[in-house]
Amino acid sequence: MTGAPDHSSVDPLERVTALLEPVFSELASAPTDPVVRPSDHADAQVNGALPLAKTLGRNPREVAQGIVDSGVLDGVCSSVEIAGPGFVNLVFSGGFLSEMARRTAADERLGCAVTAAPRTVVVDYSAPNVAKEMHVGHLRSTVIGDALVRLHEFSGDTVIRENHIGDWGRPFGMLIEHLLDLGEDVAAAGLGQGDLDDFYKQANAKFADSEEFQERSRARVVALQGGDAETGALWRRLVAMSTEYFNTVYDKLGVLLTDEDLAGESMYQPGMRATIDRLETAGLMEESDGARVVFPDGFTNREGEPLPLIIQARTGGFNYATSDLTCVIDRVERLGADLLLYVVGAPQQQHLEMVFAVARMAGWLPEGIDAVHVAFGNVLGEDRKMLRSRSGDSVKLVDLLDEAVDRATALVEEKNPELDDAERQAVAAAVGIGAVKYADLSTDRVRDYVFDWDRMLSFDGNTAPYLQYAHARIRSIFRRAGLDGDSVDPQTIEVVEPAERALVLRVLATPSVIADATESQAPHRLCTHLFDLAQTFTSFYEHCPVLKADERVRASRLALCDLTARTLANGLGLLGIDAPERM
Ligand code: ARG
């Protein structure tokens with residue numbers, strides 16, 4: 001077949017919806033949704049006849065009959081049956097499913113359309129603080145944010161990554177003085193190894209003990225804010241030492257962030273004066289307890305009094321909120337963003353909601369430009385309390401990642417002793433890091449989750465190793481037959497057996513699931529779907545011999561195997577997880 005490529009959806013539910021919509025709309029004399037949903041009794045069910053009958057004042061079963069008689073589903077369905085008060089149960093025809101599967105398999109994007117309305121999306125994620133340890137909250141932000149970046153890029157949006165590191169503020173006076181006390185080399189050695197907390201704690205302790213140190217620190221902040229060149233150079237050294245360390249963590253994690261993506265709080269300092277002027281001009285600024293504040297609508301404290309967002313403290317200093325407001329302006333006006341995603345822990349909800357509210361009042365977030373707090377819950381230890389190390393300190397992220405890879409190395413060694421060293425290391429990294437990421441992504445992000453090594457590294461259940469193994473096992477079918485994916489012909493696909501139908505239905509639902517996960521910032525929905533798909537494949541493989549089947553059937557089933565493997569690998573890739581060819 002030639003001609004223009006067909007961009008219509010491969011999702012059977014969407015196709016049926018498109019076919020039925022004109023029939024419903026004609027009957028109703030207005031655009032009407034046929035309400036096509038998955039069904040327990042059939043492949044799908046049409047629920048829209050009941051509400052339509054109600055508007056028309058007619059018998060619902062008669063309306064349903066009219067829809068069946070329209071014949072628009074002939075060919076697409078092998079059975080269309082009215083059930084109960086006026087539902088319509090659909091069973092898709094093998095020919096239709098085969099055609100959709102062939103199209104999906106022949107498509108590099110596996111049936112996923114590029115969005116018709118691309119957006120410019122800024123994703124604010126990771127955002128650790130200079131000279132402070134990255135904790136598991138930063139892990140969550142980094143992992144979730146990176147998956148959202150990949151999802152939005154895949155859908156055709158323009159994505160701008162911003163790593164809003166905490167690199168400004170009063171503590172930098174004492175941090176720079178401590179850096180000078182230690183000497184740059186000693187400081188660099190410690191910070192380079194990730195001893196960020198020690199550095200911070202030492203500086204803090206000196207600040208508490210010594211008036212002389214306090215004096216120096218205060219003077220240093222003034223010098224920093226005043227643009228003193230030598231202080232600026234020291235500050236840059238300090239920031240560089242920390243970001244170098246963050247980069248080693250990003251490297252281990254395999255995330256997309258680079259130095260180009262750094263957009264720390266310091267970057268917004270020069271713009272803050274203008275932000276304040278604009279708030280003044282808009283008449284939004286008020287005085288409260290000597291501070292300059294804005295009262296956004298709808299925010300009250302426990303006593304029911306209006307809650308202010310503090311823009312300028314009594315001392316004249318600018319706030320976290322001021323920098324975030326300046327940041328909104330920058331993202332919208334300089335970068336042209338129309339969707340701002342903030343992948344930040346749930347405790348900052350009120351701060352961000354107030355910032356968004358003030359930005360809307362000031363006209364910086366007009367209709368059509370959305371700011372979304374992509375909130376997430378805590379990581380808990382097995383005791384269901386905040387995850388802590390054995391010594392009671394917060395867990396260091398690098399230690400966690402190294403342990404993940406160590407544990408995975410042992411597992412991979414046991415599963416496949418034949419792998420050579422290089423491949424074993426690569427697979428162990430994919431499995432260990434994949435397990436940590438997947439554990440984080442696979443539960444609804446707003447909920448807390450328990451960090452459990454045994455569960456996340458299990459080859460059973462909703463885990464990365466299970467999905468990676470499912471993928472590698474399919475690839476091994478091809479290796480055993482001496483074939484590669486290229487020898488597969490998508491056009492050979494014939495969907496006949498129930499287990500083939502079940503598999504294809506799962507595969508065909510993938511584009512809609514990916515679109516939904518992207519739109520709702522809900523990577524866990526993609527995880528659940530991939531897990532379902534892998535399980536459905538297992539039952540297909542139990543019921544449908546592949547290599548031993550007759551030539552035609554074998555070709556079709558090999559194509560289905562390849563399609564499943566690609567769907568799994570693409571899905572894992574969108575989550576930032578590698579799918580090794582063998583394990
Ligand atoms: N650095 C902050 C923290 O560690 C997170 C910053 C989030 N982004 C923002 N635009 N406020 O909690």
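Just follow the structure's listing: the first ligand is 1, and inside any ligand the first atom is 1.
- Ligand 1 has no nitrogen or oxygen under 3.5 angstrom from a nitrogen or oxygen of His351.
- In this structure, Arg216 is not positioned above the aromatic face of Phe207 in the sense of NZ or CZ being under 6.0 Å from the six-membered ring centre and within 45° of the axis.
- Ring-centre distance between Tyr469 and Phe459: below the 6.0 Å cut-off.
- Residue contacts with ligand 1 include Gln348, since one of its heavy atoms falls under 4.0 Å from the ligand.
- Distances from atom 6 (C) of ligand 1 to the heavy atoms of Tyr342, Tyr268, Tyr125, Tyr320 show the closest one on Tyr320.
- In this structure, the separation between CG on Leu180 and CD on Glu184 is 7.5 Å, given to the nearest 0.5 Å.
- For atom 2 (C) of ligand 1, the nearest protein heavy atom (residue, atom name, distance) is Ala127 O, 3.7 Å.
- Shown in contact with Asp324 at under 4.0 Å from a heavy atom are these atoms of ligand 1, numbered in order with element: 9 (C), 10 (N), 11 (N).
- Close N/O approach between Glu265 and ligand 1 is not found [any backbone or side-chain N/O within under 3.5 Å].
- Using modelled atom types, one finds a donor on one side chain and an acceptor on the other under 3.5 Å when comparing Asp167 with Ser266.
- Here the rule is side chain to side chain donor-acceptor pair (under 3.5 Å) with Tyr250, and of Thr243, Asp261, Thr258, Asn163 only Asn163 fits it.
- Under 4.0 Å from ligand 1, not a single heavy atom of Ile165 appears.
- Protein heavy atom closest to atom 8 (N) of ligand 1, with residue, atom name and distance, is Asp124 OD1, 3.3 Å.
- Ion pair Glu162/Arg331 flagged as a salt bridge, since at least one NZ, NE, NH1 or NH2 atom sits closer than 4.0 Å to an Asp/Glu carboxylate oxygen.
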